[in-house]
Amino acid sequence: SLTERSTNLLGVRNILLVLSGKGGVGKSTICTELALALRHCGHRVGILDVDLCGPSIPRMLRVQDRAVHQCDSGWVPVFVGQDRGIALMSIGFLLEQPDDAVVWRGPKKNALIKQFVTDVAWGDLDFLIVDTPPGTSDEHISTVEALRHYKLLGAILVTTPQ
Amino acid sequence: ADAPVSPPAEAAELRARLRAVRHTVLVLSGKGGVGKSTFSAALAHGLAADEDKQVALLDIDICGPSIPKMMGLEGEQVHQSGSGWSPVYVEENLGVMSVGFLLSSPDDAVIWRGPKKNGLIKQFLRDVDWGEIDYLIVDTPPGTSDEHLSIVQYLSATHIDGAVIVTTPQEISLQDVRKEINFCHKVKLPIIGVVENMSGFVCPKCKKESQIFPPTTGGAEKMCQNLNVSLLGKVPLDPQIGKSCDRGQSFLSEAPESPATLSYRNIIQRIQEYCEQRHSREEKSI
């Protein structure tokens with residue numbers, strides 16, 4: 001029902017998923033560069049990093065040491081970039097130590113992804129870019145399900161030549 | 001957290017099926033695309049070069065099974081017999097199992113949540129008639145999740161000699177690999193050592209060496225020093241490796257003179273020595 005759906009994504013005009021079956025082809029790198037390029041064009045941009053086991057985006061944007069806070073509407077994303085114009089949420093921010101492994105089975109990952117999707121106070125964004133881990137499993141199913149009622153523009157698929 | 005354990009009946013079933021496995025090596029990485037499957041395939045071929053050794057390669061990357069193509073076994077199907085599923089044999093002494101063999105088409109996506117993946121992994125261990133094996137090599141997907149917890153849990157019925165952790169030199173990879181090392185500690189899985197892939201490139205024309213993935217934070221060498229784990233070796237980038245994988249050929253056989261082949265062989269020898277030493281220590285204590 002509408003009352004159950006959070007309002008946090010209503011101000012997001014376009015949601016882009018960056019996917020690949022394969023690991024290590026440059027999904028996170030492309031997400032980061034795409035976000036920076038869109039910001040450079042003057043758009044309001046957010047990145048949602050749902051790679052729970054291997055969150056790379058915080059380090060790529062040099063914010064691996066930052067912490068997240070809560071506000072009334074949910075979690076406040078970390079603002080990055082030269083003009084602090086990119087909003088980022090990643091599980092990387094929730095780890096006590098950066099080398100801590102997130103050793104979770106599917107159900108626990110699904111619960112966190114659902115929270116990430118609905119409980120981050122994104123505000124008004126032109127683009128929300130979602131970085132995913134390799135595969136076609138829990139994270140992917142849960143992310144697509146949680147985003148189903150919002151403005152999902154589509155997926156960009158990343159590969160290498162071999 | 002402790003090592004996950006199976007309920008007694010399940011453990012007994014797995015123990016019975018796996019009792020003829022002498023050595024088990026898991027190939028892990030926190031990071032994707034660093035060469036786990038490539039290394040697993042090379043390790044399998046390297047060990048099976050000794051015709052007296054029986055080698056099994058189990059691919060538990062359910063969403064992205066690379067092993068069938070790398071071993072030249074695409075299109076093969078799994079056959080059932082009275083004693084269970086038959087592995088697909090590359091050589092007489094090298095058998096392979098992967099979800100890839102269960103798909104009707106190689107492009108079929110396996111869109112499964114954790115519990116279903118765990119079920120198939122258990123089947124691979126319980127229902128495949130591996131026979132007597134000297135080495136069981138398990139290729140894993142990237143991460144520290146269902147597949148990894150399950151394989152450690154199910155293999156607790158037998159024993160795991162240890163894990164080989166694969167990385168590339170850059171910090172973005174090491175960051176994830178440190179997590180994998182912590183995962184091994186958490187589940188009490190011994191670490192045989194770390195392999196650094198894509199470690200430098202020597203141009204075949206001008207012979208100049210380049211760092212395609214510069215080790216900005218000291219690479220695997222520094223990480224291993226800091227975390228007190230063994231660095232088994234560094235393998236340089238060789239375009240022949242990717243080609244051999246795409247063509248389903250053994251890189252070690254196709255490019256015997258490559259510096260990468262020399263590295264692989266040294267690493268494989270060190271893994272063998274580790275496993276054999278562990279075995280003789282145990283036999284002495286009995």
Side-chain angles (χ1 to χ4, degrees), chain A residues 19-29 31-32 50-62 64 90-92 95-113 131-145 157-162, chain B residues 1 4 29-37 61-66 69 107-118 141-150 152 168 171-187 197-198 223 226-227 239 241-243 245-246:
Chain A
L19 303 171
S20 179
K22 190 89 181 78
V25 296
K27 285 178 294 309
S28 300
T29 307
C31 279
T32 305
V50 299
D51 188 343
L52 300 182
C53 295
S56 301
I57 307 279
R59 173 165 276 273
M60 287 185 175
L61 290 168
R62 285 209 291 200
Q64 63 270 32
S90 165
I91 198 173
L95 298 175
E96 286 223 7
Q97 299 292 334
D99 299 342
D100 279 354
V102 172
V103 186
W104 294 355
R105 289 194 185 271
K108 203 165 170 187
K109 290 198 284 189
N110 299 334
L112 183 63
I113 285 171
D131 187 26
T132 63
T136 49
S137 188
D138 287 280
E139 293 89 332
H140 313 87
I141 301 169
S142 297
T143 301
V144 171
E145 275 177 5
L157 293 154
V158 185
T159 186
T160 49
Q162 74 268 41
Chain B
S29 181
K31 190 88 184 77
V34 295
K36 283 178 294 311
S37 300
D61 189 341
I62 311 282
C63 294
S66 302
K69 182 174 260 297
D107 298 342
D108 281 350
V110 179
I111 311 170
W112 290 358
R113 288 194 184 275
K116 207 164 170 187
K117 292 194 283 188
N118 298 336
T144 50
S145 187
D146 286 277
E147 296 88 333
H148 313 87
L149 283 167
S150 293
V152 169
T168 48
E171 176 57 27
I172 284 288
S173 295
L174 299 175
Q175 189 179 250
D176 290 349
V177 167
R178 287 189 202 99
K179 294 188 208 301
E180 198 75 15
I181 291 172
N182 279 324
F183 167 79
C184 291
H185 293 325
K186 251 186 181 168
V187 299
N197 269 342
M198 307 188 200
M223 179 189 71
N226 291 344
L227 298 179
I241 298 176
K243 276 192 212 162
C245 286
D246 278 6

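By convention in this document, chain letters (A, B, ...) are assigned in the order of the sequence lines, proteins followed by strands, and residues within each chain are numbered from 1. Small disclaimer: the values here were computed from a predicted structure and weren't measured.
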Fill in: Among the listed options B/V34, B/D61, B/V110, the residue most often paired with chain A at heavy-atom distances under 4.5 Å
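Top count of heavy-atom pairs under 4.5 Å with chain A: B/V110.
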[X] versus chain A, the contacting section by heavy-atom distance below 4.5 Å:
| X | value |
| --- | --- |
| B/D146 | both |
| B/P142 | side chain |
| B/S150 | both |
| B/N118 | side chain |

From [X] atom [atom1] to [Y] atom [atom2], the distance as rounded to the nearest 0.5 Å:
| X | Y | atom1 | atom2 | value |
| --- | --- | --- | --- | --- |
| B/Q175 | A/Q64 | CD | CD | 7.0 Å |
| A/H140 | B/C63 | NE2 | SG | 7.5 Å |
| B/E171 | A/M60 | CD | CE | 11.0 Å |
| B/E147 | A/R105 | CD | CZ | 9.5 Å |

Item to complete: For the pair A/S137 and B/K117, evaluate side chain to side chain contact (heavy atoms under 4.5 Å, CB included) and give the outcome as yes or no after the intermediate values.
Response: CA-CA 9 Å; A/S137 188; B/K117 292 194 283 188; 2.8 Å; yes
Counting only heavy atoms closer than 4.5 Å, note whether [X] contacts chain B via side chain, backbone, both or neither.
| X | result |
| --- | --- |
| A/K109 | side chain |
| A/V103 | both |
| A/S142 | both |
| A/D51 | neither |
| A/P55 | both |

Worksheet item: Is the shortest distance from a Lys or Arg side-chain nitrogen in A/D99 or B/K179 to a carboxylate oxygen in the other one below 4.0 Å?
Response: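 A salt bridge is absent here (no side-chain N lies under 4.0 Å from a carboxylate O).
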Worksheet item: Is any NZ, NE, NH1 or NH2 atom of the basic residue among B/R113 and A/E145 found under 4.0 Å from an Asp or Glu carboxylate oxygen of the other?
Response: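 Salt bridge present between B/R113 and A/E145.
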Worksheet item: Which atom names give the shortest non-hydrogen contact between B/G114 and A/D138, and what distance separates them?
Response: N-OD2, 2.8 Å
Item to complete: Spell out, as yes or no, whether a donor-acceptor pair under 3.5 Å connects the side chain of B/T144 to the backbone of A/C53.
Response: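 Side chain of B/T144 to backbone of A/C53, a donor-acceptor pair under 3.5 Å: no, none is there.
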